[in-house]
Amino acid sequence: MDTKFLKIMSRNIGQKMTRAMEEIYDLAGGVFNINSPKQLGLILFEKLGLPPVKKTKTGYSTDVTVLEKLKNQHPLPEKILEFRMLTKLRSTYVDAMPALINPKTLRVHGSFNQTVAATGRLSSSNPNFQNIPIRTEMGREIRKAFCAQEKDHFILAADYSQVELRIMAHLSEDPNLVAAFKQDADIHTHTAAMVFNLKQEDITSDMRRTAKVINFGIMYGAGAHRISQELNISHGDAGAIIKAYFERYTGVKDYIEKTITECKELGYASTLYGRKRPIQDINSENRNLQEAAKRAAINMPVQGTAADIIKIAMIRMHDWMKKENLKSKMILQVHDELVFEVHPDELELLKKQVPAIMELAGKLIVPLKVDVGVGKDWYEAH
DNA sequence: TATGTCACG
DNA sequence: ACGTACGTGACATAT
Ligand SMILES: [Mg+2]
């Protein structure tokens with residue numbers, strides 16, 4: 001870990017927090033605990049009279065979807081979101097990691113749990129290395145602190161490209177989805193072309209974004225409601241897009257129905273390699289429970305098969321590294337990604353072999369693809 | 001310990 | 001009328 005870097009980052013975030021806090025108290029007309037959803041709810045929805053968007057068990061919801069909707073009515077919600085981002089990054093990552101460094105090894109040693117996630121995924125704890133920020137630039141900067149211990153050594157990150165959609169192609173044998181991956185097409189652009197009935201070259205970035213939400217949404221069993229919220233479009237339009245998707249990818253539709261039927265009969269859903277997840281609620285009288293169980297059943301074969309494949313890759317990787325007496329180390333797994341600390345003498349070898357081992361770990365009717373990045377830290381390796 | 005929130009794939 | 005996309009873990013607050 002680059003603790004010097006984290007120390008500076010903590011100070012910088014702290015300054016931004018102070019500024020945001022002052023503006024928040026100003027806009028709210030008084031001091032309160034911004035981290036208390038209860039106090040914040042009173043300020044937003046009673047003192048300022050903004051319209052409540054949704055409720056929680058205990059009161060007003062103030063989560064990011066709510067504050068996004070209130071942004072155009074008052075300047076406070078946006079400042080709250082900024083403050084929340086800053087506090088999350090500082091308390092969960094920037095200030096937490098240095099405190100966890102083992103004085104003997106000068107490293108942070110977490111756990112990868114093999115018997116927690118119901119789908120067969122690993123989970124990571126103390127600390128969780130599988131949710132290190134990447135989606136915002138400020139968060140992403142934190143990855144600069146994850147560096148090789150020795151100067152001149154490297155971090156190598158290798159991640160599967162669209163592994164879950166490739167698995168869906170394999171399981172469903174849908175001709176359109178299979179063809180897309182055999183051509184190594186940009187899958188979201190491909191789906192956009194299918195759904196909007198256009199050529200791939202005529203797809204706009206907005207249409208691609210829509211298709212991306214659909215591609216992921218389908219694998220989780222999303223309905224028109226969720227898709228409409230996600231894309232900020234009408235319920236009717238969202239329904240029409242989902243309908244168009246299933247008309248073009250009929251194999252996916254059939255596969256999803258088959259998975260649910262089979263789960264109802266057997267009481268479990270399974271992966272390509274035979275891992276089973278019991279899903280008893282699939283036969284529940286309670287409609288909400290049954291619908292949630294259907295979505296879990298749809299997702300299990302996809303998420304679970306991806307977990308099986310990367311586990312196979314990790315075992316083969318370990319065997320290979322041991323046999324070759326390598327000095328480099330496999331240090332992290334993030335569901336579709338493996339991270340290595342690499343000795344400079346072994347860099348070229350790993351750049352070649354790591355993706356090869358990962359790509360061959362799963363035998364699917366479409367190819368698996370792995371992207372590799374190298375740098376002095378995890379930020380550069382991506 | 002429960003709850004709400006938010007970080008990731 | 002209600003709820004509404006899967007799988008996780010950590011933090012702060014409130015009780
Ligand atoms: Mg990936």
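Numbered from 1 within each chain, the chains take letters A, B, ... in sequence-line order.
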**Student:** Closest approach to the side chain of A:Thr62, judged atom by atom: which nucleotide of B:dT5, C:dA14, C:dA12 is it?
**Tutor:**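 My answer, after comparing the listed nucleotides, is B:dT5.
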
**Student:** Using the C1' atom in both, what is the distance from C:dA1 to B:dC6, to the nearest Å?
**Tutor:**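 It works out to 30 Å between them.
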
**Student:** Check the distance between C:dC2's P and A:Lys55's NZ and give it to me in whole angstrom.
**Tutor:**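 The distance from NZ of A:Lys55 to P of C:dC2 comes to 8 Å, rounded to the nearest Å.
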
**Student:** Counting just side-chain N and O atoms, does A:Asn128 come under 4.0 Å of either OP1 or OP2 of B:dA7?
**Tutor:**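 For A:Asn128, the contact criterion (side-chain N or O under 4.0 Å from OP1 or OP2 of B:dA7) is not met.
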
**Student:** Checking contacts here: which listed nucleotide (C:dG9, C:dA14, C:dA5) is nearest the side-chain heavy atoms of A:Asn113?
**Tutor:**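 Closest nucleotide to the A:Asn113 side chain: C:dG9.
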
**Student:** Which whole-number value in Å describes the distance from A:Lys57 NZ to B:dT1 P?
**Tutor:**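 About 17 Å, once rounded to whole Å.
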
**Student:** If I pick the P atom on B:dA2 and the same atom on C:dA5, what distance separates them, to the nearest angstrom?
**Tutor:**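 Rounded to whole Å, the distance is 25 Å.
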
**Student:** Quick check for you: among C:dG7, B:dC8, C:dG9, whose closest atom lies nearest to any side-chain atom of A:Ile134?
**Tutor:**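 Between C:dG7, B:dC8, C:dG9, the one nearest the side chain of A:Ile134 would be B:dC8.
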
**Student:** Does the side chain of A:Arg84 get closer than 4.0 angstrom to OP1 or OP2 of B:dC6 through an N or O atom?
**Tutor:**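 So the side-chain polar atoms of A:Arg84 do come within 4.0 Å of the phosphate oxygens OP1 or OP2 of B:dC6, strictly under.
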
**Student:** To the nearest Å, give me how far apart CZ (A:Phe45) and P (B:dG4) are.
**Tutor:**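 Rounding to the nearest Å, CZ of A:Phe45 and P of B:dG4 are 14 Å apart.
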
**Student:** Is atom CD of A:Gln200 surrounded by more than 12 heavy atoms (other residues, nucleotides or ligands) closer than 6.0 Å?
**Tutor:**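 More than 12 within 6.0 Å, yes.
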
**Student:** Need the pair for B:dT3. Rule: Watson-Crick or G-U wobble, both distances under 3.5 Å, any strand; none if unpaired.
**Tutor:**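 C:dA12 is the nucleotide pairing with B:dT3.
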
**Student:** Counting the atoms with a prime plus P, OP1 and OP2 as sugar-phosphate, which does A:Asn131 contact under 4.0 Å by heavy atoms, base, sugar-phosphate, or nothing?
**Tutor:**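 Here A:Asn131 touches the bases of the nucleic acid.
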
**Student:** Examine the side chains of A:Gln333 and A:Gln130 and answer whether a donor and an acceptor come within less than 3.5 Å of each other.
**Tutor:**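 A donor-acceptor contact under 3.5 Å links the two side chains.
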
**Student:** Between C:dG7, C:dG9, B:dG9, which one does the side chain of A:Thr119 approach most closely?
**Tutor:**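 Selected nucleotide (nearest to the side chain): C:dG7.
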
**Student:** Hey, does the side-chain of A:Gln130 have a donor or acceptor N/O within less than 3.5 Å of a partner on the base of B:dA7?
**Tutor:**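 Counting by modelled atom types and ignoring angles, no donor-acceptor contact under 3.5 Å is found here.
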
**Student:** Quick one: is A:Lys38 getting a side-chain N or O under 4.0 Å of the B:dT3 phosphate, OP1 or OP2?
**Tutor:**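 So the side-chain polar atoms of A:Lys38 never come under 4.0 Å of the phosphate oxygens OP1 or OP2 of B:dT3.
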
**Student:** Between C:dT8, B:dG9, B:dT5, which nucleotide gets closest to the side-chain atoms of A:Val116?
**Tutor:**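 Given the options C:dT8, B:dG9, B:dT5, the side chain of A:Val116 is closest to C:dT8.
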
**Student:** Does A:Ser61 put a side-chain nitrogen or oxygen below 4.0 Å from OP1 or OP2 of B:dT5?
**Tutor:**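 Checking B:dT5 against A:Ser61, a side-chain N or O does come within under 4.0 Å of OP1 or OP2.
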
**Student:** What is the distance, to the nearest angstrom, from the CD atom on A:Gln114 to the C1' atom on C:dG7?
**Tutor:**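 From A:Gln114 CD to C:dG7 C1': 17 Å.
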
**Student:** With sugar-phosphate meaning primed atoms plus P, OP1 and OP2, does A:Phe129 contact a base, only sugar-phosphate, or nothing at under 4.0 Å between heavy atoms?
**Tutor:**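 The answer is nothing, as A:Phe129 stays clear of every strand by at least 4.0 Å.
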
**Student:** Could you tell me whether the phosphate oxygens of C:dG9, OP1 or OP2, come under 4.0 Å of any side-chain nitrogen or oxygen in A:Ser123?
**Tutor:**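 Answer yes for this pair, as a side-chain N or O of A:Ser123 is under 4.0 Å from OP1 or OP2.
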
**Student:** Is it the case that the base of C:dA12 and the side chain of A:Asn35 share a donor-acceptor contact (distance under 3.5 Å, atom types as modelled)?
**Tutor:**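 Such a pair does not exist between side chain and base.
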
**Student:** Can you check the A:Leu67 CG to B:dG4 C1' distance for me, whole Å?
**Tutor:**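 To the nearest whole Å, that distance equals 12 Å.
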
**Student:** Is atom CD of A:Glu324 surrounded by more than 12 heavy atoms (other residues, nucleotides or ligands) closer than 6.0 Å?
**Tutor:**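 Yes.
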
**Student:** Taking atom P in both B:dA7 and C:dC2, what distance in whole Å separates the two?
**Tutor:**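 Their P atoms lie roughly 30 Å apart.
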
**Student:** Name the nucleic acid region contacted by A:Glu164, choosing base, sugar-phosphate or nothing; use a 4.0 angstrom heavy-atom cut-off, strictly under.
**Tutor:**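 No contact.
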
**Student:** Determine whether more than 12 heavy atoms belonging to other residues, nucleotides or ligands lie under 6.0 Å from atom NZ of A:Lys212.
**Tutor:**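 Open.
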
**Student:** Determine, for A:Arg107 against A:Glu341, whether the closest basic-nitrogen to carboxylate-oxygen distance falls under 4.0 angstrom.
**Tutor:**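 Counted as a salt bridge, because a side-chain N and a carboxylate O are separated by less than 4.0 Å.
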
**Student:** So A:Arg121, base contact, sugar-phosphate only, or nothing? Heavy-atom distance under 4.0 Å.
**Tutor:**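 Base: the residue A:Arg121, judged by heavy atoms under 4.0 Å, touches a nucleobase.
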
**Student:** Could you tell me the separation between the CZ atom of A:Arg277 and the P atom of C:dC6, rounded to a whole number of Å?
**Tutor:**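 Value for this atom pair: 10 Å.
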
**Student:** Measure from the side chain of A:Ala96, starting at C-beta and using heavy atoms only, and say which of C:dC11, B:dG4, B:dG9 lies closest.
**Tutor:**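 Ranking C:dC11, B:dG4, B:dG9 by closest atom to the A:Ala96 side chain puts C:dC11 first.
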
**Student:** Can you tell me if A:Gln229 touches the phosphate of C:dA5, counting only side-chain N or O atoms and a distance under 4.0 Å to OP1 or OP2?
**Tutor:**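 False: A:Gln229 side-chain N/O out of range (4.0 Å or more) of C:dA5 OP1/OP2.
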
**Student:** Quick check for you: among B:dC8, B:dT5, C:dG9, whose closest atom lies nearest to any side-chain atom of A:Pro37?
**Tutor:**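 So the nucleotide nearest the side chain must be B:dT5.
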
**Student:** Go through C:dT13, B:dC8, B:dT5 for me and flag the one nearest to the A:Arg135 side chain.
**Tutor:**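 Selected nucleotide: B:dC8.
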
**Student:** Expressed in angstrom and rounded to an integer, what is the separation of A:Asn288 atom CG from C:dA1 atom P?
**Tutor:**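 So the CG-P distance, A:Asn288 to C:dA1, works out to 16 Å.
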
**Student:** Is any NZ, NE, NH1 or NH2 atom of the basic residue among A:Asp95 and A:Arg90 found under 4.0 Å from an Asp or Glu carboxylate oxygen of the other?
**Tutor:**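 Here A:Asp95 pairs with A:Arg90 in a salt bridge, since their nearest N and O are under 4.0 Å apart.
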
**Student:** Round to the nearest Å and state the distance from A:Leu122 atom CG to C:dT8 atom C1'.
**Tutor:**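 Nearest whole value for this atom pair: 11 Å.
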
**Student:** Output the single nucleotide from C:dA12, C:dA10, C:dA5 whose closest atom is nearest the side chain of A:Ser91.
**Tutor:**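 When the side chain of A:Ser91 is considered, C:dA12 is the closest of C:dA12, C:dA10, C:dA5.
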
**Student:** Taking 4.0 angstrom as the limit, do A:Glu164 and A:Arg121 come out as a salt bridge?
**Tutor:**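 So A:Glu164 pairs with A:Arg121 through a salt bridge.
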
**Student:** Using a distance-only criterion (donor-acceptor N/O pair, under 3.5 Å, no hydrogens), is the base of C:dC6 paired with the side chain of A:Gln303?
**Tutor:**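 It does, because a donor-acceptor pair links the side chain of A:Gln303 to the base of C:dC6 below 3.5 Å.
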
**Student:** Would you indicate which nucleotide in B:dT3, C:dA10, C:dA14 comes nearest to any side-chain atom of A:Thr58?
**Tutor:**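 Nearest to the side chain of A:Thr58 among the choices is B:dT3.
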
**Student:** Answer yes or no: is there an ion pair linking A:Glu257 with A:Lys253, defined by an N-O contact shorter than 4.0 Å?
**Tutor:**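 Here A:Glu257 pairs with A:Lys253 in a salt bridge, since their nearest N and O are under 4.0 Å apart.
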
**Student:** Which part of the nucleic acid does A:Ala118 contact within heavy-atom distance under 4.0 Å: base, sugar-phosphate only, or nothing?
**Tutor:**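 Answer is sugar-phosphate: A:Ala118 comes under 4.0 Å of backbone atoms only.
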
**Student:** Which part of the nucleic acid, if any, lies within reach of A:Ile132 when heavy atoms closer than 4.0 Å are counted: base, sugar-phosphate only, or nothing?
**Tutor:**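 A:Ile132: backbone/sugar contact only, no base atoms under 4.0 Å.
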
**Student:** Regarding A:Asp159, tell me which of base, sugar-phosphate or nothing describes its non-hydrogen contacts under 4.0 Å with the strands shown.
**Tutor:**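 Nothing: the residue A:Asp159, judged by heavy atoms under 4.0 Å, touches no strand.
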
